[in-house]
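In what follows, a single structure is set out as structure tokens and then discussed.
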Amino acid sequence: MSQITVHGGKPLIGRVDLKGAKNLVTKAMVAALLGETPSVLKDVPHISDVEVVSRLLELHGVIIDFHEDGLMSLDSSNVGSARMVDIDAHAGSSRIPILFCGPLLHRLGEAFIPDLGGCHIGDRPIDFHLEVLRNFGAVIEKLPTGIRLSAPNGLHGAKVALPYPSVGATEQVLLTSVRAEGITELSGAAIEPEIMDLIAILQKMGAIISVDTDRVIRIEGVSRLDGYTHRALFDRNEAASWAAAALATKGDIFVGGAKQQEMMTFLNVFRKVGGAFEIEDDGIRFFHPGGDLQPVVIETDVHPGFMTDWQQPLVVALTQAKGLSIVHETVYENRFGFTEALNQMGAQIQIYRECLGGNPCRFGQRNFYHSAVISGPVELKAADIRVPDLRGGFSHMVAALAAKGVSNVSNVQLISRGYEHFIDKLEALGADFTYSD
Ligand code: EPZ
């Protein structure tokens with residue numbers, strides 16, 4: 001288990017550069033499975049989620065070449081079935097395998113998907129995914145260690161309505177419908193920028209997809225797809241994380257590769273809290289301009305709302321705002337576990353079952369602690385803490401960097417699931433810490 005020992009209380013100042021978004025790149029790699037010719041993906045970050053997806057693709061015969069600069073080539077010309085025992089070795093390490101279903105059914109007529117991993121931030125069921133696949137004609141068999149799928153009559157376009165605009169289930173529909181016979185109409189789709197970038201990739205491969213108004217996406221199936229060449233969309237979750245780190249540590253961070261368009265909702269909130277930013281052609285400078293930070297009321301939501309992945313690092317900055325802030329988490333039912341460690345460090349955060357500060361959500365009256373009230377400003381104290389999940393873990397690290405004194409943050413390898421070279425980046429920002437593997 002890796003650990004960092006942080007001498008906190010120093011502002012983070014300097015530059016970090018982003019690569020492609022974790023939540024696009026991993027799906028783009030799966031899309032390559034659909035291509036009969038090789039694909040090239042640029043700006044792929046060196047993170048462990050990319051490693052897991054690479055191993056799974058390689059098990060299915062995809063030849064992958066990955067360079068330090070982020071250039072990845074994926075040759076899916078000779079896809080083949082993998083041994084169940086080899087696939088199973090990856091059980092619990094990522095949520096992306098569920099997206100292999102459609103492409104493997106198209107390429108091989110069958111698929112075995114191991115039990116999924118990912119952050120423990122709620123139940124994270126896969127019922128939407130399974131329902132979607134059944135709509136296309138897949139037959140699903142549940143096994144003790146995963147699921148086995150087949151499509152005895154091929155996959156056919158379908159009319160699909162999602163009960164909630166799930167990112168993963170929308171991607172499931174896209175990756176399955178592009179080569180299914182006939183037309184698919186998806187309503188209730190998620191429309192996150194990462195999904196739009198996946199659609200752009202699929203169009204490059206030969207797919208016919210139109211994004212209509214009101215969360216409706218129409219796909220006309222085609223019989224063959226080729227590879228693509230694509231530069232991945234930047235990681236806006238990482239950008240927001242470093243922005244929050246700049247604010248919480250009274251620092252000044254230039255985030256190379258960040259773009260305004262995909263971050264507008266975040267930028268509005270950042271400004272309301274009292275953070276400052278300057279938008280340049282090659283990135284965004286985020287800094288604490290001095291003076292008091294202001295409390296805010298935020299509700300996380302699907303795009304174009306305030307992303308659920310942005311709240312955890314921002315909550316650390318909100319412990320420094322003068323007054324009461326409210327964060328109502330409406331995407332995941334259990335995403336405030338990380339606040340316990342912050343309270344141990346002197347934060348005053350209370351979590352509630354009620355839908356506070358905005359509209360009632362689907363978690364109201366269901367005993368989920370999904371609203372947080374943050375009272376500030378407080379002086380954060382050093383502590384020994386353990387990283388619980390990806391975004392919560394990043395927020396713990398930021399709290400340790402902001403707190404005066406020496407903190408030990410363990411289990412930090414989890415952060416490398418989604419933040420490329422974060423240890424090097426901390427060094428570049430002048431953080432005072434030691435790292436042990
Ligand atoms: C993606 O998860 C991201 N992960 C998440 O990022 C992100 O927080 C989330 O989208 C929302 O933007 C990846 O892209 C790998 P969902 P995903 O399906 O697709 C419920 C991070 O830190 N649901 O949109 O799994 C689900 O429980 C991660 O980078 C069902 O009920 O999210 C949740 O409440 C964490 N049944 C809601 O929908 C299903 O079958 C939204 O989940 C599927 C989802």
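- Two residues are said to be in side-chain contact when any heavy atoms from C-beta on lie closer than 4.5 Å; Leu174 and Ile209 meet this criterion.
- Both tests do not hold together for Arg353 against Phe368: distance to the six-membered ring centre under 6.0 Å, angle to the ring axis within 45°.
- At least one donor-acceptor pair closer than 3.5 Å links the side chain of Ser371 to the backbone N or O of Leu356.
- With hydrogens and angles ignored, the 3.5 Å screen pairs no side-chain donor or acceptor of Ser325 with any backbone N or O of Leu318.
- Centroid-to-centroid, the aromatic rings of Tyr332 and His370 stay 6.0 Å apart or farther.
- Counting all heavy atoms, side chain and backbone alike, Val297 lies closest to Gly357 at CG1-O, 3.4 Å.
- A salt bridge is absent between Glu238 and Lys19: the closest approach of a Lys/Arg side-chain nitrogen to an acidic carboxylate oxygen does not fall below 4.0 angstrom.
- Here the closest non-hydrogen pair linking Ala190 and Arg215 is CA-NH1, 3.8 Å.
- Between the Asp309 side chain and the Asn237 main chain, no donor and acceptor come within less than 3.5 Å of each other.
- Interatomic distance, CD1 of Ile47 versus OH of Tyr419, reported as 10.5 Å (0.5 Å rounding).
- A distance of 10.5 Å separates SG in Cys355 from CZ in Arg366, rounded to the nearest 0.5 Å.
- Of all heavy-atom pairs spanning Ser76 and Gly35, the tightest one is CB-O, 3.5 Å.
- Taking CD of Glu420 as the reference point, atom CD1 of Ile415 lies at 15.0 Å (rounded to 0.5 Å).
- Using a 4.5 Å heavy-atom threshold, the side chains of Thr170 and Leu186 count as touching.
- For the pair Arg179/Arg107, a side-chain contact is recorded, criterion being any heavy-atom separation below 4.5 Å from C-beta on.
- The shortest distance between side-chain heavy atoms of His396 and Leu342 falls below 4.5 Å.
- Between His60 and Ser81 the shortest side-chain heavy-atom distance does not fall below 4.5 Å.
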For this session: Given salt bridge (Lys or Arg N to Asp or Glu O under 4.0 Å), test Glu329 with Arg335 step by step and report yes or no.
Result: CA-CA 7 Å; Glu329 169 61 61; Arg335 217 173 181 183; 5.2 Å; no
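- Counting only distance, with no hydrogens or angles, the side chain of His156 and the backbone of Asn135 share no donor-acceptor pair below 3.5 Å.
- Scanning all heavy atoms of the two residues, the minimum distance from Leu155 to Ala138 falls at CD2-N, 4.0 Å.
- Checking Asn408 against Thr5 by side-chain atom types alone, a donor-acceptor pair falls below 3.5 Å.
- Using a cut-off of 4.0 Å between Lys/Arg side-chain N and Asp/Glu carboxylate O, Glu171 and Lys27 are scored as salt-bridged.
- Using a distance-only test at 3.5 Å, with no hydrogens or angles considered, a donor-acceptor pair links the side chain of Ser416 to the main chain of Gln413.
- Residues Phe254 and Trp242 place their aromatic rings such that the two centres sit no closer than 6.0 Å.
- In this structure, the side chain of Thr300 does not engage the main chain of Thr308 through any donor-acceptor pair within 3.5 Å.
- Put simply, OG1 on Thr184 and CD1 on Ile217 are 11.0 Å apart, with the number rounded to the nearest 0.5 Å.
- Contact annotation: the side chain of Val255 approaches that of Ile253 to within less than 4.5 Å [non-hydrogen atoms, C-beta and beyond].
- In this structure, Asp235 contributes its side chain and Leu18 its backbone to no donor-acceptor pair below 3.5 Å.
- A 6.0 Å sphere centred on CD of Glu58 holds more than 12 heavy atoms belonging to other residues, nucleotides or ligands.
- For Phe286 and Phe270, the distance between ring centers is under 6.0 angstrom.
- Here the side chain of Ser77 pairs no donor or acceptor atom with the backbone of Thr37 at under 3.5 angstrom.
- For Asp197 and His230, the side-chain atoms include at least one donor-acceptor pair closer than 3.5 Å.
- Shortest non-hydrogen contact noted between Val398 and Thr249 is O-CG2, 4.4 Å.
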For this session: Apply salt bridge (Lys or Arg N to Asp or Glu O under 4.0 Å) to Asp86 and Arg55, showing your working.
Result: CA-CA 10 Å; Asp86 293 335; Arg55 296 297 84 80; over 6 Å; no
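- Salt bridge status for Asp17 with Arg15: present, with a side-chain N to carboxylate O gap under 4.0 Å.
- The two atoms that bring Tyr228 and Ala28 nearest to each other are OH-O, 2.8 Å, heavy atoms only.
- In terms of modelled atom types and a separation under 3.5 Å, the side chain of Ser166 and the main chain of Ala169 share a donor-acceptor contact.
- Side-chain atoms of Glu36 do not come within 3.5 Å of backbone N or O of Asp226 as any donor-acceptor pair.
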